[in-house]
There are 2 protein chains.
Amino acid sequence: MGNIQLGSPFVPIRPVPAKTPLRRQEASEERREAILAVGLAVFSADGFAAAKLDDAATKAGVAKGRIYLHLKDRQDLFEQIVRGAMEPIIEQLERVAELPDLPTDALLAKLFELFQSQVLTTDRRFVIRLVLTEGVHFPEIASFYHREVVSRGLALLKMNTTRGTARDEVAPTDLAYFPHLVFAPLAMDVMWDGLFSAFEPIDIGRLLSAHRQTLLGNAGRGSNA
Amino acid sequence: MGNIQLGSPFVPIRPVPAKTPLRRQEASEERREAILAVGLAVFSADGFAAAKLDDAATKAGVAKGRIYLHLKDRQDLFEQIVRGAMEPIIEQLERVAELPDLPTDALLAKLFELFQSQVLTTDRRFVIRLVLTEGVHFPEIASFYHREVVSRGLALLKMNTTRGTARDEVAPTDLAYFPHLVFAPLAMDVMWDGLFSAFEPIDIGRLLSAHRQTLLGNAGRGSNA
DNA sequence: CATATTTGACTGTAAAGTCAGTCAATTCTA
DNA sequence: TAGAATTGACTGACTTTACAGTCAAATATG
């Protein structure tokens, strides 16, 4: 029923290694990835419980049974999709954390930009939406996502705020205790996009810039129609 | 499978009108409400698609067929739950909007308080979570919720910010264009509660207070352990 | 007792996951 | 290098499970 058009897959498409005639294993791996991609589309369109794996198989140009060669069952598919999509993000977070000290504002900008280029304009936005919408029923996934993504992100944000306050770049509010306030709008955007963007789209670039202004207590004049 | 303990039902429980021997119609209406309440619990626990209406019936102390006396089908149940829960909130929003001009801060506090007393400590938190998690698959519901709740809330918030800026209570940022930024943490809390509170609970009172500080650019000292 | 209400066994549908068989790719061998 | 032998990736019909929604029968009510 539902028909979600996924956009570009996760950003860096690895260069195809010439025309080497694909050996079986390689071909198989390629199909496995196709199944994961289509699985994401189907889960996103119909929801975890309502999605039909048969459907996914067909759309991936593969027979039903093929799916079970790589995956134990529907839940396993879900987990592989989430893990596969989030692992690169985790690495990136790590890398940002190791960056030489940046001004609060700059780090924030960098993080938001990362979010835009690696999540919003990527199939990952659907993965995150899935985690948010289906995670309640999958404690395993929720736990994984909290441990590997959310808590690291929060730590990074907290560090940034604390440091910014010490440098007098940020007003000393309780914000340092609630880095949640920094990412809440990002999460909201992901949800909004699925729910309401048809009725009232959001200009995410401007929203994030307004958000930065607000966070930093910057009275910089806004420019808007 | 899932077993969610719903808390108190929507806040004001109307006083039982003495011991008037319940007439049939009244009894029927009472059961209808029980079915809605249990329906909410079951949808919340298992998700819309996976929930078993039979289950709901049993838990409501009623036979399966009984459900279909009031409801066309599973989707109808979902819609009735959402509409029934949100209508009172809409009225309250209306009432707040008509309030004599309050200081920006005060109105914000009032709204957050409304959210806490009418949503967070109420079964409505589950309704909202359902809208957020399942709404993607129910354009009808998403549309209803956007039209009746979200857009009104946003208008109210926007008005408040604009007025606050005019009165020099709020720094003139783009915040006025993105009232979304004001409610994002509320939505996040509802989601967080379902997903991550087991690993890392949030003190919502403090979070909202920090949020107010941040929004108003108030450098008021924070107090935290 | 007539009627309104409720029940729960039943029917039909639908999809999940299995597995015996097929066949293309690969390896072996003369 | 051709042709035979082997492998194992892939298929899809089949079995099973399970629940939605119906409706004839049973029960409660006034």
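Within every chain, numbering begins at 1; the chains are lettered A, B, ... in the order of the sequence lines, protein sequences first and strands thereafter. Since this is a predicted model, take the numbers as computed values, not measurements. Side chains are part of it too, since the values below use all heavy atoms of this structure and drop only hydrogens, waters and symmetry mates.
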Checklist entry - How far apart are the C-alpha atoms of B:H146 and A:E200, what are their side-chain angles, what is the distance that settles it, and do they pass the side chain to side chain contact (heavy atoms under 4.5 Å, CB included) test? => result CA-CA 9 Å; B:H146 176 261; A:E200 184 185 348; 2.6 Å; yes
Q) What's the verdict on side chain to side chain contact (heavy atoms under 4.5 Å, CB included) for A:V182 and A:F112, showing C-alpha distance, side-chain angles and the deciding distance? A) CA-CA 10 Å; A:V182 178; A:F112 285 2; 4.2 Å; yes
| task | For the pair A:F138 and A:F48, evaluate ring-ring contact (aromatic ring centres under 6.0 Å, His included) and give the outcome as yes or no after the intermediate values. | result | CA-CA 11 Å; A:F138 301 93; A:F48 175 81; 4.6 Å; yes
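To the nearest angstrom, P of C:dT7 lies 10 Å from CD1 of B:I67. In this structure, CZ of A:R31 is placed 17 Å from P of D:dG8, rounded to the nearest angstrom. Rounding to whole angstrom units, NZ of residue B:K72 and P of D:dA20 are separated by 15 Å. Atoms CG (B:D54) and P (C:dG8) sit 11 Å apart, rounded to a whole Å. Look at CG on A:D46: it is 14 Å from C1' on C:dA14, rounded to the nearest Å. Remark: C1' of D:dA26 and CZ of B:R66 are 16 Å apart, rounded to the nearest angstrom. Separating the NZ atom of B:K52 from the C1' atom of D:dT17 is a distance of 12 Å, rounded to the nearest angstrom. Rounded to whole Å, the distance from CD on B:Q75 to C1' on D:dG21 is 15 Å.
Mapping A:A49 and A:G65 onto DNA chain C by nearest heavy atom places A:A49 closer to the 5' end of the strand.
Between the side chain of B:K64 and the base of D:dA20 there is at least one donor-acceptor pair of N/O atoms closer than 3.5 Å.
Taking the six-membered ring where tryptophan is involved, the planes of A:W192 and B:H180 are perpendicular, since the angle between them exceeds 60° and thus also 30°.
Across C:dG8, D:dT11, D:dA20, the shortest atom-to-atom separation from the side chain of B:A63 is found for C:dG8. Of all nucleotides listed (C:dA16, D:dT22, D:dA9), D:dA9 comes nearest to the side chain of A:L69.
Residue B:L53 is classed as a sugar-phosphate contact, given heavy-atom separations below 4.0 Å to backbone atoms only. Heavy atoms of B:A51 sit under 4.0 angstrom from primed sugar atoms or phosphate atoms, though from no base atom.
Using a 4.0 Å cut-off, some side-chain N or O of B:R74 falls inside it from OP1 or OP2 of D:dA20.
Salt-bridge check for A:R32 with A:E29: passed, with a basic side-chain N closer than 4.0 Å to an acidic carboxylate O.
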